4 protein chains.
Amino acid sequence: MNTEEAGARTREAAEAAILDHQDKDDAAAAYEAEAGEPAVLSGAAKRKLESRRKLMAAARKLFVERGYHETRPQDISREAGVGHGTFYLHFEDKLDCFLAFTEEAADELHVFVETHHAVAGSLDEGIRELLTAIFEYSDENPGVLAAALTDVSVISTGDTGKKMPVDRWADVWAQLMDRWKETGEAFAELDTKLAGYLIVGAIKQGGAYGHRRRIERPDMIEGMARLFVRALKK
Amino acid sequence: MNTEEAGARTREAAEAAILDHQDKDDAAAAYEAEAGEPAVLSGAAKRKLESRRKLMAAARKLFVERGYHETRPQDISREAGVGHGTFYLHFEDKLDCFLAFTEEAADELHVFVETHHAVAGSLDEGIRELLTAIFEYSDENPGVLAAALTDVSVISTGDTGKKMPVDRWADVWAQLMDRWKETGEAFAELDTKLAGYLIVGAIKQGGAYGHRRRIERPDMIEGMARLFVRALKK
Amino acid sequence: MNTEEAGARTREAAEAAILDHQDKDDAAAAYEAEAGEPAVLSGAAKRKLESRRKLMAAARKLFVERGYHETRPQDISREAGVGHGTFYLHFEDKLDCFLAFTEEAADELHVFVETHHAVAGSLDEGIRELLTAIFEYSDENPGVLAAALTDVSVISTGDTGKKMPVDRWADVWAQLMDRWKETGEAFAELDTKLAGYLIVGAIKQGGAYGHRRRIERPDMIEGMARLFVRALKK
Amino acid sequence: MNTEEAGARTREAAEAAILDHQDKDDAAAAYEAEAGEPAVLSGAAKRKLESRRKLMAAARKLFVERGYHETRPQDISREAGVGHGTFYLHFEDKLDCFLAFTEEAADELHVFVETHHAVAGSLDEGIRELLTAIFEYSDENPGVLAAALTDVSVISTGDTGKKMPVDRWADVWAQLMDRWKETGEAFAELDTKLAGYLIVGAIKQGGAYGHRRRIERPDMIEGMARLFVRALKK
DNA sequence: CATGAATGAGACTTCATTCAT
DNA sequence: GATGAATGAAGTCTCATTCAT
């Protein structure tokens, strides 16, 4: 499998995930995926997808603007222009909705990163490209990453058992670093798993700082890239 | 200002802050501060201090165990063994109590770090010492740092206008790095402010990861230290 | 009117009632009734009857297993394998469906009792036969009587104006006792109406008790029969 | 222990139960019980008892008038003239409140029966006295018995683990019959446990019937008594 | 006739805060 | 200063029913 294909497939999955709800009762989506093209949806299925799209958009808007605890299911419903009950037709509960938002954002960023060919190339370039992609996404979707990276443990004590965006993102970095270790660009003793988390943590906190202090994007990228490159390069 | 002085002042403030609450109506504390020594407290003031101590301990226990949103003022009062209303004699509201906990933890860590002479020494040693101090504190106070570093924006949308532990901690690192820049140990272009936040973010996220994966403390310290040193050293 | 005729008419009604719904728009049933025999049903009518049969079976299952308030129309539809909306094609509302279940059960028991020739014979034998029939029905249809005898006033405050199973059953007993009074087997001052209700109440409560305590069926029958016979016999 | 004492203690318990909530956090009540006399209650405790009294009265009124499902906690609170939250200060949930009502009624009836010396005497007299007491209570507290005897299984599927009024009442009858068996007044093979439930079921159903048909109280008592005496007497 | 997405009133419950004692 | 009963706005979620397809 080459990167192109991976990108394509991933994009597909991401787009599907935006509309779909996990692997639940969405026969139409399954059909679509199999057939490889939009296909004809029954009226009911179309309506349902439309509702979900509206709810997801509303949820994203409000979670970003107000945060998890300040957003009520009923606000999301109203913003989406659907009835209160419809919310619970699409999400098990509020947390489920938040996690769906979170996954959507992660998928989008994934697509974004891949389409920006950030993953290819040398350590120096790769890091800069990746940071650039991330900050570009952040520019186009202000606040989304910060909201999606919210620590769920602050929201719910019980483990959700889901892979959170933080983990996905840490993985992406870890894989990249594994490649750089193979090519001999990164130093040999590097613990890529741990480093993945450190980098994500750094970006998250640094991003918040930069946002608050209104630091220019290029400066942020340069400041971070310099440190990351130094830390990792052989 | 030399380190000694800074340390002394800071330690004093930290110790005071543990019992006191900022610049509120704490006659006893004010008196103590003016007099320059513990002094004899009136019965009522002693009782009040005792109540506050119990409340703070209870709050810490519950915020750590359950998190902010799962902890009710009533729970704190009961855990402290005081009446529900007493809570509001000592804190303006729940958030105020959380911030007090947060500051207490930050103060403690500060004291801990300073008493462990982590701040003195070369970049290599300094980083390792500091990380060691942090993880030792974390061992002695499990969960406290994670809880105290909770992003307040997840808790309340409105800005609290307070300097959060994250900021204090980032400052500590920044000051250290400034020194290393002066001594020529750190590379010249280093943006110490930004780097402070990146490091705190990395530690926070890395700490959570290590906790989840039950990574041994020395491995965590070594893994982090290696990266930080590489990133910063000239 | 002799027993034979009564039995025949009743059986007919019972069988009809299982499929039909009161005096609603059931063209097929009307046709059937007029023609006096099953006749050929149109495709649509056949489908409708099939839907109703499935809904009734599902309703019985769920009302018995979970009770009225824990059973939602949606559950019944899903269990029946029909669309949610179909439910309201066959029943005015949830209560209507419950009453249909209730009547079906009463009809079945009636048929059961009559086909077991429980009504013929002496007071002693009659009571034992009747109780035997009831408990046999209960064995074959566990929980159905308990569910069908549910006091509707617990379900809906407003009077439904319908003759509930309790009333029908009390009537059956009253008629029997009237016969025994005529034949001089029962004591003369017996208020058969009241006694009918007392007996039904006793059986209902006794049945629940026996079920909970897992009392053997013969013991239940003997225990009840002894008391009823003593109470009624001249 | 003689009947007098039992009566006295029971009455005390009943009165206490009306105000108290199980054996929960009501220190004042405990104190009162130990001291053997009303004692001085702290202001707070007095307020709390007053609230509970009002809530219990309101709950009884509404459960009787509208039934369980048509009565909302908030209706009870409003009727009682207290805030919504106060309800949950006194009852775990709506079911808990209903069960408290149910117990209160059972206790009252118990007291009523005992103070009417219904338990003493021969089988003939005893049955008539007991029925008289029951119907007098029912006259003074219209609808309360019917409501309190509501089958909880209709309300909640899960077992509450509590002894319901039905059971208590069946017990009372069973004990009486045990005595009559000892004195040789009741027939020897009598299964008093089962008979207790049969009688309660009969009274419950018969009472409902008599209420609906507006049968005069003496006629009800006579009709029932006749059957019960015949059923039980040697 | 059948479907199932949509609805929204309303149910139950919680909890941060107040205030009379 | 301390108490803890009281509060009621607000929150999450349910479910009987409708209606467009």
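Letters go in sequence order (proteins before strands), and every chain restarts at 1. This one's a predicted model, so the numbers in the text were calculated from it and none came from an experiment.
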Worksheet item: Below 4.0 angstrom from OP1 or OP2 of F/dT14, is there any side-chain N or O of A/Tyr88?
Response: no
Worksheet entry | Within-4.5 Å side-chain heavy-atom neighbours: B/Phe91 and B/Pro73 | no
Fill in: Any B/Phe63 side-chain heavy atom under 4.5 Å of B/Ile76 side chain
yes
Discussion item. From NZ of B/Lys48 over to C1' of F/dT3, roughly how many Å is that when rounded to an integer?
Written reply: 15 Å
Item to complete: Please report how far the helix from E/dA2-F/dT21 to E/dT21-F/dA2 bends, comparing the axis fitted to its first five pairs with the axis fitted to its last five, to the nearest 10 degrees.
Response: 10°
Worksheet entry | Phosphate-side-chain proximity, A/Arg47 and E/dA5, N/O vs OP1/OP2 below 4.0 Å | no
Practice prompt. Name all residues meeting the side chain to side chain donor-acceptor pair (under 3.5 Å) criterion together with D/His84; count only those two or more places apart in sequence or in a different chain, and write none if there are none.
Written response: none
Discussion item. As a test of reading the structure: which of F/dG1, F/dA5, F/dT17 is closest to the side chain of D/Leu89, going by heavy atoms?
Written reply: F/dA5
Fill in: Approximate separation, where rounding is to 0.5 Å, of B/Met56 CE and B/Leu49 CG
12.0 Å
Discussion item. I'd like to check D/Lys48 versus D/His90 (side-chain heavy atoms, cut-off strictly below 4.5 Å). Are they in contact?
Written reply: yes
Worksheet item: Can you check whether B/Thr86 has a side-chain N or O nearer than 4.0 Å to OP1 or OP2 of F/dT3?
Response: yes
Item to complete: Rounded off to whole Å, could you give me the NZ-to-P distance for the A/Lys46 and E/dA6 pair?
Response: 14 Å
Worksheet item: Checking B/Lys94 side chain against B/Thr71 main chain: does a donor-acceptor pair fall under 3.5 Å?
Response: yes
Fill in: Spacing between A/Phe91 atom CZ and F/dT14 atom C1', to the nearest angstrom
18 Å
Worksheet item: Touch check for D/Gln74, heavy atoms < 4.0 angstrom, all strands: base, sugar-phosphate only, or nothing?
Response: nothing
Worksheet item: Rounding to a whole Å, what distance do you find between B/Lys54:NZ and F/dA2:P?
Response: 9 Å
Discussion item. By nearest heavy atom, map D/Asp93 and A/Val82 onto DNA chain E; which one lands nearer the 5' end?
Written reply: A/Val82
Discussion item. Taking 4.0 Å as the cut-off, does a side-chain nitrogen or oxygen of C/Arg72 come that near to OP1 or OP2 on F/dC15?
Written reply: yes
Worksheet item: Which part of the nucleic acid, if any, lies within contact of B/Ser77, taking any heavy atom under 4.0 Å across all strands shown: a base, the sugar-phosphate backbone alone, or nothing?
Response: nothing
Item to complete: Look only at the side chain of A/Thr86 and the backbone of A/Val82, and say whether a donor-acceptor pair between them is shorter than 3.5 Å.
Response: no
Item to complete: Run the numbers on C/Phe101 and C/Val64 for side chain to side chain contact (heavy atoms under 4.5 Å, CB included), then give the verdict.
Response: CA-CA 10 Å; C/Phe101 150 65; C/Val64 167; 4.2 Å; yes
Worksheet item: Distance check: side-chain N/O of A/His90 vs OP1/OP2 of E/dA6, anything under 4.0 Å?
Response: yes
Worksheet item: Is a salt bridge present between D/Lys46 and D/Glu50, judged by a nitrogen-to-oxygen distance below 4.0 Å?
Response: no
Worksheet item: If you pin B/Pro73 and C/Gly85 to their nearest nucleotides in DNA chain E, which one's is more 5'?
Response: C/Gly85
Discussion item. Heavy atoms within less than 4.0 Å of DNA chain F: which residues of residues 59-71 of chain B have one? Give them sorted by number.
Written reply: none
Worksheet item: In terms of the nearest nucleotide of DNA chain F, which residue is placed more toward the 5' end: C/His84 or B/Phe87?
Response: B/Phe87
Worksheet item: Is there a side-chain polar atom (N or O) of C/Ser51 under 4.0 Å from OP1 or OP2 of E/dA2?
Response: yes
Worksheet item: Quick one: does C/Thr150's side chain get under 4.5 Å of C/Phe98's, heavy atoms only?
Response: yes
Worksheet item: Between atom CZ in C/Phe98 and atom P in F/dA16, what is the gap in whole Å?
Response: 14 Å
Worksheet, complete the sentence: To the nearest angstrom, the NZ-P distance between A/Lys94 and F/dA10 comes to 15 Å
Fill in: Separation of atom CD in C/Glu92 from atom P in F/dA16, rounded to whole Å
16 Å
Worksheet item: Can you tell me how far C1' of E/dC15 sits from CG of B/Leu95, to the nearest Å?
Response: 16 Å
